[in-house]
*Asks:* 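Shown below is the structure under consideration.
Letters A, B, ... are given to chains in the order of the sequence lines, protein chains preceding strands, and every chain is numbered from 1.
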2 protein chains.
Amino acid sequence: MKSVEKRSDCPVSSSLDIFGDRWSLLIVRDLMLYKTRTYGDFTKSAEKIATNILASRLQVLEENGIIIKLPYPDNKVKGLYKLSPKGVDLVPALIEIALWGGKHVSNDDQCSPFLNEVKKNKTKFLKNTMAKLSAEDEATID
Amino acid sequence: MKSVEKRSDCPVSSSLDIFGDRWSLLIVRDLMLYKTRTYGDFTKSAEKIATNILASRLQVLEENGIIIKLPYPDNKVKGLYKLSPKGVDLVPALIEIALWGGKHVSNDDQCSPFLNEVKKNKTKFLKNTMAKLSAEDEATID
DNA sequence: CCTTTTTACTTGCAAATCGAAAGTAATAAC
DNA sequence: GTTATTACTTTCGATTTGCAAGTAAAAAGG
(Lines give C-alpha, C1' and ligand atoms only; values in the text may rest on other atoms or scores of the structure.)
Protein backbone atom coordinates (compact mmCIF):
# COMPACT_ATOMS: atom_id res chain seq x y z
CA MET A 1 0.00 0.00 0.00
CA LYS A 2 1.98 2.94 -1.34
CA SER A 3 1.37 5.96 0.83
CA VAL A 4 -0.07 8.98 -0.89
CA GLU A 5 0.89 12.39 0.40
CA LYS A 6 -1.33 13.13 3.41
CA ARG A 7 -2.17 16.79 3.93
CA SER A 8 -3.59 16.30 7.41
CA ASP A 9 -4.96 13.66 9.75
CA CYS A 10 -8.56 14.51 8.91
CA PRO A 11 -10.25 11.42 7.48
CA VAL A 12 -12.01 13.48 4.80
CA SER A 13 -8.72 15.01 3.73
CA SER A 14 -6.93 11.65 3.79
CA SER A 15 -9.69 10.12 1.69
CA LEU A 16 -9.50 12.91 -0.87
CA ASP A 17 -5.73 12.44 -0.99
CA ILE A 18 -6.47 9.03 -2.49
CA PHE A 19 -9.58 9.48 -4.65
CA GLY A 20 -10.12 13.24 -4.74
CA ASP A 21 -10.15 13.76 -8.49
CA ARG A 22 -12.63 13.63 -11.35
CA TRP A 23 -11.98 10.00 -12.35
CA SER A 24 -11.23 7.65 -9.46
CA LEU A 25 -14.78 7.35 -8.16
CA LEU A 26 -16.04 6.71 -11.69
CA ILE A 27 -13.86 3.62 -11.77
CA VAL A 28 -15.31 2.58 -8.43
CA ARG A 29 -18.80 3.33 -9.78
CA ASP A 30 -18.28 0.98 -12.72
CA LEU A 31 -17.04 -1.75 -10.41
CA MET A 32 -20.03 -1.21 -8.14
CA LEU A 33 -22.42 -1.51 -11.08
CA TYR A 34 -20.77 -4.41 -12.90
CA LYS A 35 -18.76 -6.12 -10.16
CA THR A 36 -15.88 -6.85 -12.55
CA ARG A 37 -14.42 -4.84 -15.44
CA THR A 38 -11.53 -5.16 -17.84
CA TYR A 39 -9.29 -2.28 -18.81
CA GLY A 40 -11.15 -1.97 -22.10
CA ASP A 41 -14.52 -1.94 -20.35
CA PHE A 42 -13.50 1.17 -18.40
CA THR A 43 -12.51 2.99 -21.58
CA LYS A 44 -15.96 2.32 -23.02
CA SER A 45 -17.83 4.11 -20.21
CA ALA A 46 -19.73 7.25 -21.15
CA GLU A 47 -17.13 9.66 -19.77
CA LYS A 48 -14.41 8.40 -22.12
CA ILE A 49 -11.44 8.35 -19.81
CA ALA A 50 -8.08 8.67 -21.55
CA THR A 51 -6.01 5.50 -21.38
CA ASN A 52 -3.05 7.10 -19.62
CA ILE A 53 -5.28 8.54 -16.92
CA LEU A 54 -7.04 5.20 -16.54
CA ALA A 55 -3.78 3.32 -16.10
CA SER A 56 -2.59 5.87 -13.55
CA ARG A 57 -5.82 5.76 -11.52
CA LEU A 58 -6.02 1.97 -11.56
CA GLN A 59 -2.49 1.89 -10.19
CA VAL A 60 -3.25 4.31 -7.36
CA LEU A 61 -6.49 2.50 -6.47
CA GLU A 62 -4.70 -0.83 -6.49
CA GLU A 63 -1.74 0.49 -4.46
CA ASN A 64 -4.20 1.77 -1.89
CA GLY A 65 -6.03 -1.53 -1.65
CA ILE A 66 -9.31 -0.29 -3.08
CA ILE A 67 -9.31 -2.47 -6.18
CA ILE A 68 -7.79 -5.84 -7.00
CA LYS A 69 -6.55 -7.06 -10.37
CA LEU A 70 -7.28 -10.70 -11.11
CA PRO A 71 -6.30 -12.83 -14.08
CA TYR A 72 -9.05 -13.19 -16.65
CA PRO A 73 -10.04 -16.88 -16.97
CA ASP A 74 -8.25 -18.61 -19.87
CA ASN A 75 -6.76 -15.39 -21.17
CA LYS A 76 -3.26 -14.05 -20.55
CA VAL A 77 -3.85 -10.62 -22.08
CA LYS A 78 -6.94 -9.51 -20.25
CA GLY A 79 -7.17 -8.70 -16.58
CA LEU A 80 -10.23 -8.41 -14.37
CA TYR A 81 -10.58 -5.62 -11.89
CA LYS A 82 -12.87 -5.81 -8.87
CA LEU A 83 -13.43 -3.99 -5.59
CA SER A 84 -11.58 -5.15 -2.48
CA PRO A 85 -13.48 -5.14 0.84
CA LYS A 86 -12.02 -1.66 1.36
CA GLY A 87 -13.38 -0.68 -2.04
CA VAL A 88 -16.80 -2.16 -1.28
CA ASP A 89 -16.84 0.05 1.81
CA LEU A 90 -16.85 3.04 -0.52
CA VAL A 91 -20.30 2.12 -1.83
CA PRO A 92 -22.23 4.12 0.79
CA ALA A 93 -20.26 7.26 -0.03
CA LEU A 94 -20.75 6.69 -3.74
CA ILE A 95 -24.48 6.22 -3.27
CA GLU A 96 -24.77 9.44 -1.29
CA ILE A 97 -22.93 11.27 -4.05
CA ALA A 98 -25.23 9.71 -6.64
CA LEU A 99 -28.30 10.73 -4.64
CA TRP A 100 -27.02 14.28 -4.33
CA GLY A 101 -26.23 14.44 -8.03
CA GLY A 102 -29.60 12.97 -8.95
CA LYS A 103 -31.38 15.52 -6.80
CA HIS A 104 -29.37 18.61 -7.62
CA VAL A 105 -27.53 18.35 -10.91
CA SER A 106 -28.47 15.45 -13.12
CA ASN A 107 -31.71 13.60 -13.61
CA ASP A 108 -30.70 10.81 -15.92
CA ASP A 109 -33.51 8.56 -17.11
CA GLN A 110 -31.12 5.69 -17.41
CA CYS A 111 -30.26 5.59 -13.72
CA SER A 112 -33.55 6.78 -12.28
CA PRO A 113 -34.67 3.19 -11.63
CA PHE A 114 -31.42 2.62 -9.80
CA LEU A 115 -31.77 5.72 -7.63
CA ASN A 116 -35.43 5.00 -6.98
CA GLU A 117 -34.54 1.60 -5.63
CA VAL A 118 -31.96 3.21 -3.38
CA LYS A 119 -34.48 5.74 -2.10
CA LYS A 120 -37.11 3.08 -1.45
CA ASN A 121 -34.95 1.39 1.14
CA LYS A 122 -31.40 2.61 1.39
CA THR A 123 -30.29 0.24 4.12
CA LYS A 124 -31.56 -2.78 2.29
CA PHE A 125 -30.09 -1.63 -0.99
CA LEU A 126 -26.67 -1.08 0.53
CA LYS A 127 -26.71 -4.40 2.30
CA ASN A 128 -27.69 -6.28 -0.84
CA THR A 129 -25.30 -4.45 -3.12
CA MET A 130 -22.33 -4.74 -0.82
CA ALA A 131 -23.04 -8.40 -0.17
CA LYS A 132 -23.15 -9.14 -3.89
CA LEU A 133 -19.90 -7.27 -4.47
CA SER A 134 -18.29 -9.18 -1.62
CA ALA A 135 -19.40 -12.61 -2.83
CA GLU A 136 -16.51 -14.69 -4.16
CA ASP A 137 -17.90 -15.76 -7.52
CA GLU A 138 -21.34 -15.21 -9.04
CA ALA A 139 -22.05 -13.76 -12.49
CA THR A 140 -21.88 -10.05 -13.24
CA ILE A 141 -25.03 -8.00 -13.78
CA ASP A 142 -24.11 -7.14 -17.35
CA MET B 1 -25.42 28.86 -11.73
CA LYS B 2 -22.57 28.66 -14.20
CA SER B 3 -22.62 25.28 -15.84
CA VAL B 4 -19.50 23.21 -15.43
CA GLU B 5 -18.52 20.91 -18.26
CA LYS B 6 -20.61 17.75 -17.90
CA ARG B 7 -18.91 14.56 -19.09
CA SER B 8 -22.07 12.46 -19.00
CA ASP B 9 -25.57 12.36 -17.52
CA CYS B 10 -24.51 10.05 -14.70
CA PRO B 11 -25.23 11.80 -11.39
CA VAL B 12 -21.92 10.60 -9.93
CA SER B 13 -20.03 11.99 -12.89
CA SER B 14 -21.98 15.27 -12.83
CA SER B 15 -21.27 15.64 -9.12
CA LEU B 16 -17.56 15.06 -9.61
CA ASP B 17 -17.59 17.62 -12.41
CA ILE B 18 -18.39 20.16 -9.70
CA PHE B 19 -16.49 19.03 -6.59
CA GLY B 20 -14.24 16.24 -7.84
CA ASP B 21 -10.90 17.59 -6.68
CA ARG B 22 -8.76 17.56 -3.58
CA TRP B 23 -10.04 20.81 -2.08
CA SER B 24 -13.74 21.50 -2.67
CA LEU B 25 -15.10 19.03 -0.13
CA LEU B 26 -12.65 20.34 2.48
CA ILE B 27 -14.32 23.72 2.15
CA VAL B 28 -17.69 22.02 2.57
CA ARG B 29 -16.28 20.12 5.55
CA ASP B 30 -15.24 23.34 7.28
CA LEU B 31 -18.68 24.85 6.68
CA MET B 32 -20.30 21.69 8.02
CA LEU B 33 -18.17 21.86 11.19
CA TYR B 34 -18.35 25.60 11.84
CA LYS B 35 -21.49 26.66 9.96
CA THR B 36 -19.88 29.93 8.83
CA ARG B 37 -16.32 30.77 7.80
CA THR B 38 -14.48 33.77 6.48
CA TYR B 39 -11.92 33.59 3.69
CA GLY B 40 -9.14 33.82 6.24
CA ASP B 41 -10.65 31.02 8.33
CA PHE B 42 -10.37 28.63 5.39
CA THR B 43 -6.70 29.44 4.89
CA LYS B 44 -6.03 28.54 8.54
CA SER B 45 -7.33 24.98 8.22
CA ALA B 46 -4.81 22.18 8.67
CA GLU B 47 -4.43 21.45 4.96
CA LYS B 48 -3.15 24.95 4.20
CA ILE B 49 -4.97 25.66 0.96
CA ALA B 50 -3.28 28.21 -1.29
CA THR B 51 -5.18 31.47 -1.59
CA ASN B 52 -5.56 31.31 -5.37
CA ILE B 53 -6.98 27.79 -5.19
CA LEU B 54 -9.30 28.84 -2.38
CA ALA B 55 -10.64 31.79 -4.34
CA SER B 56 -11.16 29.61 -7.38
CA ARG B 57 -12.98 26.87 -5.45
CA LEU B 58 -15.17 29.29 -3.54
CA GLN B 59 -16.21 30.78 -6.87
CA VAL B 60 -17.12 27.41 -8.39
CA LEU B 61 -19.00 26.33 -5.26
CA GLU B 62 -20.87 29.63 -5.19
CA GLU B 63 -21.63 29.53 -8.92
CA ASN B 64 -23.06 26.07 -8.45
CA GLY B 65 -25.24 27.10 -5.55
CA ILE B 66 -23.48 25.02 -2.93
CA ILE B 67 -22.25 27.89 -0.79
CA ILE B 68 -23.50 31.42 -0.21
CA LYS B 69 -21.46 34.50 0.56
CA LEU B 70 -23.01 36.86 3.08
CA PRO B 71 -21.83 40.23 4.33
CA TYR B 72 -20.07 40.06 7.67
CA PRO B 73 -22.01 42.08 10.26
CA ASP B 74 -20.65 45.63 10.63
CA ASN B 75 -17.65 44.95 8.42
CA LYS B 76 -17.27 45.76 4.76
CA VAL B 77 -14.02 43.87 4.23
CA LYS B 78 -14.92 40.48 5.59
CA GLY B 79 -17.42 38.09 4.08
CA LEU B 80 -19.14 35.12 5.65
CA TYR B 81 -19.52 31.88 3.74
CA LYS B 82 -22.16 29.29 4.59
CA LEU B 83 -23.75 26.25 3.02
CA SER B 84 -26.88 26.68 0.92
CA PRO B 85 -29.64 24.04 1.22
CA LYS B 86 -27.98 22.31 -1.74
CA GLY B 87 -24.69 22.41 0.16
CA VAL B 88 -26.29 21.08 3.33
CA ASP B 89 -27.50 18.15 1.24
CA LEU B 90 -23.86 17.21 0.72
CA VAL B 91 -23.47 16.42 4.41
CA PRO B 92 -24.50 12.75 4.12
CA ALA B 93 -21.92 12.18 1.38
CA LEU B 94 -19.28 13.96 3.38
CA ILE B 95 -20.07 11.90 6.45
CA GLU B 96 -19.79 8.65 4.51
CA ILE B 97 -16.41 9.75 3.17
CA ALA B 98 -15.32 10.64 6.70
CA LEU B 99 -16.46 7.24 8.00
CA TRP B 100 -14.58 5.48 5.22
CA GLY B 101 -11.46 7.51 5.86
CA GLY B 102 -11.69 6.96 9.59
CA LYS B 103 -12.00 3.22 9.10
CA HIS B 104 -9.46 2.71 6.34
CA VAL B 105 -6.88 5.46 6.17
CA SER B 106 -6.82 7.87 9.08
CA ASN B 107 -7.65 7.46 12.72
CA ASP B 108 -7.35 10.97 14.01
CA ASP B 109 -7.80 11.37 17.76
CA GLN B 110 -9.17 14.84 17.25
CA CYS B 111 -12.19 13.71 15.25
CA SER B 112 -12.77 10.32 16.84
CA PRO B 113 -15.42 11.76 19.16
CA PHE B 114 -17.13 13.22 16.11
CA LEU B 115 -17.07 9.95 14.19
CA ASN B 116 -18.16 7.99 17.25
CA GLU B 117 -21.21 10.16 17.59
CA VAL B 118 -22.00 9.57 13.92
CA LYS B 119 -21.66 5.82 14.36
CA LYS B 120 -23.81 5.76 17.45
CA ASN B 121 -26.85 6.97 15.54
CA LYS B 122 -26.20 8.12 12.01
CA THR B 123 -29.77 9.10 11.19
CA LYS B 124 -30.10 11.23 14.28
CA PHE B 125 -26.71 12.81 13.77
CA LEU B 126 -27.49 13.76 10.18
CA LYS B 127 -30.87 15.14 11.08
CA ASN B 128 -29.45 17.28 13.89
CA THR B 129 -26.45 18.49 11.94
CA MET B 130 -28.38 19.35 8.82
CA ALA B 131 -31.07 21.09 10.84
CA LYS B 132 -28.50 23.24 12.63
CA LEU B 133 -26.83 24.14 9.35
CA SER B 134 -30.19 25.06 7.86
CA ALA B 135 -31.24 27.27 10.77
CA GLU B 136 -31.27 30.94 9.87
CA ASP B 137 -29.25 32.41 12.72
CA GLU B 138 -27.85 30.71 15.83
CA ALA B 139 -24.24 30.91 17.01
CA THR B 140 -21.45 28.85 15.46
CA ILE B 141 -19.94 25.89 17.27
CA ASP B 142 -16.49 27.44 17.44
C1' DC C 1 -6.96 62.69 10.51
C1' DC C 2 -3.07 59.91 9.44
C1' DT C 3 -0.62 55.71 9.65
C1' DT C 4 -0.55 50.82 10.20
C1' DT C 5 -2.85 46.45 9.96
C1' DT C 6 -6.05 43.31 8.43
C1' DT C 7 -8.71 41.14 4.98
C1' DA C 8 -9.79 39.27 0.67
C1' DC C 9 -8.36 38.49 -2.96
C1' DT C 10 -5.11 38.73 -7.72
C1' DT C 11 -0.91 38.02 -10.30
C1' DG C 12 3.33 35.74 -11.81
C1' DC C 13 5.66 31.81 -12.62
C1' DA C 14 7.72 27.19 -12.36
C1' DA C 15 6.33 22.51 -11.80
C1' DA C 16 3.07 18.97 -12.07
C1' DT C 17 -0.82 16.96 -14.15
C1' DC C 18 -4.18 16.31 -17.81
C1' DG C 19 -5.69 14.60 -21.99
C1' DA C 20 -5.73 13.48 -27.01
C1' DA C 21 -3.30 10.71 -30.11
C1' DA C 22 -0.13 7.57 -31.57
C1' DG C 23 2.90 3.74 -30.52
C1' DT C 24 4.12 -0.98 -28.65
C1' DA C 25 4.44 -5.69 -27.01
C1' DA C 26 2.14 -9.76 -25.96
C1' DT C 27 -1.47 -12.83 -26.65
C1' DA C 28 -5.67 -14.42 -29.09
C1' DA C 29 -8.35 -15.40 -33.05
C1' DC C 30 -8.82 -16.93 -37.52
C1' DG D 1 1.10 -17.56 -40.21
C1' DT D 2 -1.20 -13.43 -40.51
C1' DT D 3 -4.37 -10.18 -38.46
C1' DA D 4 -6.82 -8.38 -34.56
C1' DT D 5 -7.29 -7.43 -29.58
C1' DT D 6 -5.88 -6.02 -25.37
C1' DA D 7 -3.51 -3.48 -22.06
C1' DC D 8 -0.94 -0.47 -21.47
C1' DT D 9 3.16 3.40 -22.51
C1' DT D 10 4.88 7.45 -24.73
C1' DT D 11 4.76 11.99 -26.56
C1' DC D 12 3.62 16.59 -26.26
C1' DG D 13 0.80 20.75 -26.02
C1' DA D 14 -2.63 22.64 -22.84
C1' DT D 15 -4.36 23.23 -18.42
C1' DT D 16 -4.03 23.24 -13.51
C1' DT D 17 -1.50 23.45 -9.27
C1' DG D 18 0.73 25.71 -5.67
C1' DC D 19 4.03 28.85 -3.68
C1' DA D 20 5.16 33.59 -3.20
C1' DA D 21 4.54 38.21 -3.75
C1' DG D 22 1.53 42.05 -4.80
C1' DT D 23 -2.71 45.04 -4.30
C1' DA D 24 -6.84 47.62 -3.02
C1' DA D 25 -10.11 48.69 0.35
C1' DA D 26 -11.71 48.95 4.80
C1' DA D 27 -10.66 48.70 9.87
C1' DA D 28 -8.00 49.71 13.82
C1' DG D 29 -4.94 52.44 16.38
C1' DG D 30 -2.88 56.75 17.86
*Asks:* The side chain of B/Lys76 lies closest to which of these nucleotides: D/dC8, C/dA8, D/dA26?
*Replies:* D/dA26
*Asks:* Between P on D/dC8 and CG on A/Leu61, what's the gap in Å once rounded to a whole number?
*Replies:* 13 Å
*Asks:* Between B/Lys124 and B/Glu117, does any NZ, NE, NH1 or NH2 come within less than 4.0 Å of an OD or OE carboxylate oxygen?
*Replies:* no
*Asks:* Rounded off to whole Å, could you give me the CG-to-C1' distance for the B/Asn75 and D/dA28 pair?
*Replies:* 11 Å
*Asks:* When we call it a touch if two heavy atoms are under 4.0 Å apart, what does B/Asn52 touch: a base, just sugar-phosphate, or nothing?
*Replies:* base
*Asks:* Have a look at B/Tyr81 and say if it touches a base, only the backbone sugar-phosphate, or nothing, with a 4.0 Å heavy-atom cut-off.
*Replies:* sugar-phosphate
*Asks:* Kindly say whether, by distance alone, the side chain of B/Thr38 makes a donor-acceptor pair under 3.5 Å with the base of C/dT7?
*Replies:* no
*Asks:* The side chain of A/Lys78 lies closest to which of these nucleotides: D/dT9, C/dA20, D/dT6?
*Replies:* D/dT6
*Asks:* From the options B/Glu63, B/Glu62, B/Arg57, select the one residue that forms a side-chain hydrogen bond (donor to acceptor under 3.5 Å, both in side chains) with B/Gln59.
*Replies:* B/Glu63
*Asks:* Between D/dT6, D/dG18, D/dA27, which one does the side chain of B/Val77 approach most closely?
*Replies:* D/dA27
*Asks:* For the residue pair B/Thr38 / B/Asp41, report whether a side-chain donor-acceptor contact shorter than 3.5 Å exists.
*Replies:* yes
*Asks:* Expressed in angstrom and rounded to an integer, what is the separation of A/Asp41 atom CG from D/dA7 atom P?
*Replies:* 8 Å
*Asks:* Measure the distance from CD1 on A/Ile53 to P on D/dT16 and round it to the nearest whole Å.
*Replies:* 13 Å
*Asks:* Report the distance from atom CD1 of A/Ile49 to atom P of C/dG19, rounded to the nearest whole Å.
*Replies:* 8 Å
*Asks:* In plain terms, say whether B/Glu47 and B/Arg29 are close enough for a salt bridge, that is, a side-chain N and a carboxylate O under 4.0 Å apart.
*Replies:* yes
*Asks:* Verify whether one side chain among B/Asp17 and B/Ser14 offers a donor that lies under 3.5 Å from an acceptor in the other.
*Replies:* no
*Asks:* For B/Trp23 and D/dT17, is the shortest distance between a side-chain N/O and OP1 or OP2 below 4.0 Å?
*Replies:* no
*Asks:* In whole angstroms, how far is the C1' atom of D/dC8 from the NZ atom of A/Lys44?
*Replies:* 14 Å
*Asks:* Nearest whole Å is fine: how far is D/dT6 C1' from A/Arg37 CZ?
*Replies:* 15 Å
*Asks:* D/dT17, D/dA27, D/dC8: which one has an atom nearest the side-chain heavy atoms of B/Arg22?
*Replies:* D/dT17
*Asks:* With a 4.0 Å cutoff (strictly under), does any side-chain N or O of B/Lys69 reach OP1 or OP2 of C/dC9?
*Replies:* yes
*Asks:* Measure from the side chain of B/Tyr39, starting at C-beta and using heavy atoms only, and say which of C/dT27, C/dA8, D/dC8 lies closest.
*Replies:* C/dA8
*Asks:* C/dA8 C1' sits how many Å from B/Ile27 CD1, rounded?
*Replies:* 14 Å
